[in-house]
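For reference, the structure is listed below as structure tokens.
Counting from 1, the numbers follow the sequence of the chain as shown. Every number for a ligand or one of its atoms is a count from 1 in the order of the listing.
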Amino acid sequence: MEIDSLKKEFQRFFPGKPQIFRAPGRVNLIGEHTDYNDGFVMPAAIDFHTWVALAPRSDSTVNIRSESFADTVSVDLKNSFAAAHTWSDYVFGVLDQIRRAGLPLTGADILIHGEVPMGAGLSSSAAIEVATGLAVLEAQHAGSLHAQSVDRTQLALLCQRAENEFVGMRCGIMDQFISCHGRRNHALMLDCRTLEFKLLPMPPEARMVICNTMVKHQHASGEYNQRRAACEEGVRILKQHLPSIRALRDVNLEQLDKYSDTIPGMVYRRCRHVITENDRVQQAASMLQAGDLKAFGILMGESHASLRDDYEVSCRELDIMVELANQQPGIYGARMTGGGFGGCTINLVAAARAENFRENVAAAYEQATGLKPQVFISSAADGASRVA
Ligand code: GLA
């Protein structure tokens with residue numbers, strides 16, 4: 001993105017000189033549907049960003065222009081916000097949470113330019129939330145007490161609440177957290193209960209290759225929230241036997257199996273995915289640190305199978321993309337990434353083979369499905385920032 005062209009675009013719609021901020025999308029290497037079960041995840045930020053140009057106003061109006069939707073919406077901060085079930089909910093949700101947190105909120109002109117593919121499981125929604133939150137908190141409060149004090153973890157939590165309460169998607173913390181805390185050339189191992197994290201260097205001999213099936217997911221349509229409800233049902237039943245547990249994070253496979261008679265089959269399988277996936281993430285972190293990419297890749301394959309068979313969030317196109325990837329030279333591991341029902345796979349591929357991998361998988365996928373995929377070779381990127 002050319003910063004100058006973003007500024008010019010801003011000035012086509014609004015007066016004043018904007019400040020520029022950006023926040024990245026993400027891939028998740030392993031640890032899917034574990035975040036809202038107090039578990040472990042291992043995402044990395046990617047080099048696709050949502051950009052926000054913002055200039056404060058002296059009145060109480062907020063104007064927001066989305067380039068992707070060629071649409072402008074306005075609100076008076078004296079009024080309350082109502083969800084409109086469109087792109088602007090992500091922005092208003094964040095403004096709403098900033099206000100609820102008791103942080104000062106004044107009028108602003110905002111231009112949003114998104115380059116994270118939408119509906120592709122790369123978390124364009126977290127990128128828009130975090131970029132907006134950072135911009136509003138840093139630019140609007142320049143010179144005030146709050147200017148220096150945008151705590152990244154607080155920002156991630158605020159953006160998650162915006163999505164939970166305003167958009168109505170009961171997502172976990174992973175996407176907003178990595179968009180805030182990502183680090184170039186590192187994956188991030190996060191404990192979603194304590195929010196303690198470790199940055200793990202990505203081995204230079206491997207590349208992350210992201211393959212977009214071009215099948216768009218629709219989380220808000222309810223499948224995601226249903227998965228979450230099934231996990232809660234599992235915890236409710238298991239608590240009768242194991243009163244000290246708070247989340248599936250606290251349960252091991254042996255315990256789940258011991259009480260399997262009391263758990264409906266579907267709920268049992270959802271729980272089994274979460275419990276085994278938490279184990280896999282912890283093993284994967286050790287493997288990455290030991291440089292054992294082969295073992296890491298095997299865990300990615302097991303994760304995909306578990307998401308497909310136990311959690312039932314894969315789809316035919318994701319399964320095909322993973323199968324085709326596994327046939328390529330240089331592949332360490334392949335799996336779906338993100339919430340599922342479409343979107344992208346993440347592949348760990350030997351660096352020297354990545355370019356061939358990209359071409360071969362794209363051609364084979366198109367032949368198998370008739371869909372032309374997007375395939376990106378990506379390195380891990382830094383988290384959200386103000387752009388000088
Ligand atoms: C979506 C949610 C995340 C996480 C993943 C699945 O991306 O936003 O919180 O639950 O799905 O791992």
Side-chain angles (χ1 to χ4, degrees), residues 23-46 48 50 89-90 93-94 116-130 153 156-182 187-193 195 197 210 212 216-232 247-249 270 273-278 280-281 284 299-300 303-304 306-308 310-315 318 335-346:
R26 63 104 189 88
V27 279
N28 188 16
L29 285 165
I30 193 159
E32 221 66 83
H33 290 277
T34 45
D35 60 353
Y36 52 83
N37 290 296
D38 275 5
F40 300 93
V41 292
M42 199 194 294
I46 54 174
F48 291 97
T50 293
D89 285 358
Y90 296 100
V94 170
V116 185
M118 281 181 278
L122 300 176
S123 226
S124 58
S125 47
I128 188 171
E129 290 154 6
V130 171
T153 298
L157 287 164
L158 184 148
C159 292
Q160 182 200 15
R161 279 198 304 275
E163 189 146 344
N164 288 172
E165 291 172 20
F166 206 83
V167 180
M169 154 85 171
R170 297 183 63 211
C171 65
I173 189 64
M174 170 169 71
D175 304 349
Q176 293 79 7
F177 199 93
I178 186 66
S179 189
C180 285
H181 283 287
L188 184 151
M189 162 80 169
L190 172 65
D191 179 335
C192 299
R193 170 169 280 167
L195 300 186
F197 67 93
I210 300 166
N212 188 351
K216 288 207 175 196
H217 68 66
Q218 279 295 337
H219 288 328
S221 69
E223 288 281 359
Y224 183 94
N225 290 353
Q226 282 171 27
R227 294 301 180 285
R228 196 166 171 163
C231 293
E232 286 164 0
L248 288 178
R249 148 74 171 274
R270 305 294 188 252
H273 164 71
V274 173
I275 292 168
T276 57
E277 184 80 350
N278 272 330
R280 281 187 288 271
V281 187
L299 293 164
M300 289 174 78
S303 167
H304 184 78
S306 177
L307 287 157
R308 180 190 62 210
D310 274 354
Y311 220 62
E312 296 183 281
V313 291
S314 186
C315 65
L318 283 168
R335 56 182 289 279
M336 54 157 276
T337 191
F341 306 106
C344 292
T345 62
I346 171 74

*Quick one: side-chain hydrogen bond (donor to acceptor under 3.5 Å, both in side chains) partners of D175, sequence neighbours excluded?*
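Per chain and number, D175 pairs via side-chain hydrogen bond (donor to acceptor under 3.5 Å, both in side chains) with R26, S123.
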*Tell me, please, which residues at least two apart from R227 pass side-chain hydrogen bond (donor to acceptor under 3.5 Å, both in side chains).*
E223
*Please name the residue in the list T345, L29, L307 that meets the side-chain contact (heavy atoms from CB on, under 4.5 Å) test with R335.*
L307
_side-chain contact (heavy atoms from CB on, under 4.5 Å) partner of I173, the single match among L195, V41, I178_ =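 Per the side-chain contact (heavy atoms from CB on, under 4.5 Å) rule, the option paired with I173 is L195, out of L195, V41, I178.
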For [X], take its heavy atoms, then give the atoms of ligand 1 lying under 4.0 Å from any of them.
X    : value
D35  : 3 (C), 4 (C), 9 (O), 10 (O)
D175 : 1 (C), 2 (C), 3 (C), 7 (O), 8 (O)
M174 : 4 (C), 5 (C), 12 (O)
Y36  : 10 (O)
C171 : 2 (C), 8 (O), 9 (O)

*Side-chain touch R249/F40, heavy atoms, less than 4.5 angstrom*: yes
*Indicate yes or no: at least one non-hydrogen side-chain atom of S306 is less than 4.5 angstrom from one of R280.*
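Side chain of S306 against side chain of R280, heavy atoms only: contact under 4.5 Å found.
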Are any of the N/O atoms in [X] less than 3.5 Å from those in ligand 1?
X    : value
N28  : no
Y224 : yes
G172 : yes

*Run the contact test for R26 against ligand 1 with a 4.0 Å cut-off on heavy atoms, strictly below, and give the result.*
yes
*Parallel, tilted or perpendicular: which describes the rings of Y224 and Y36, with under 30° parallel and over 60° perpendicular?*
perpendicular
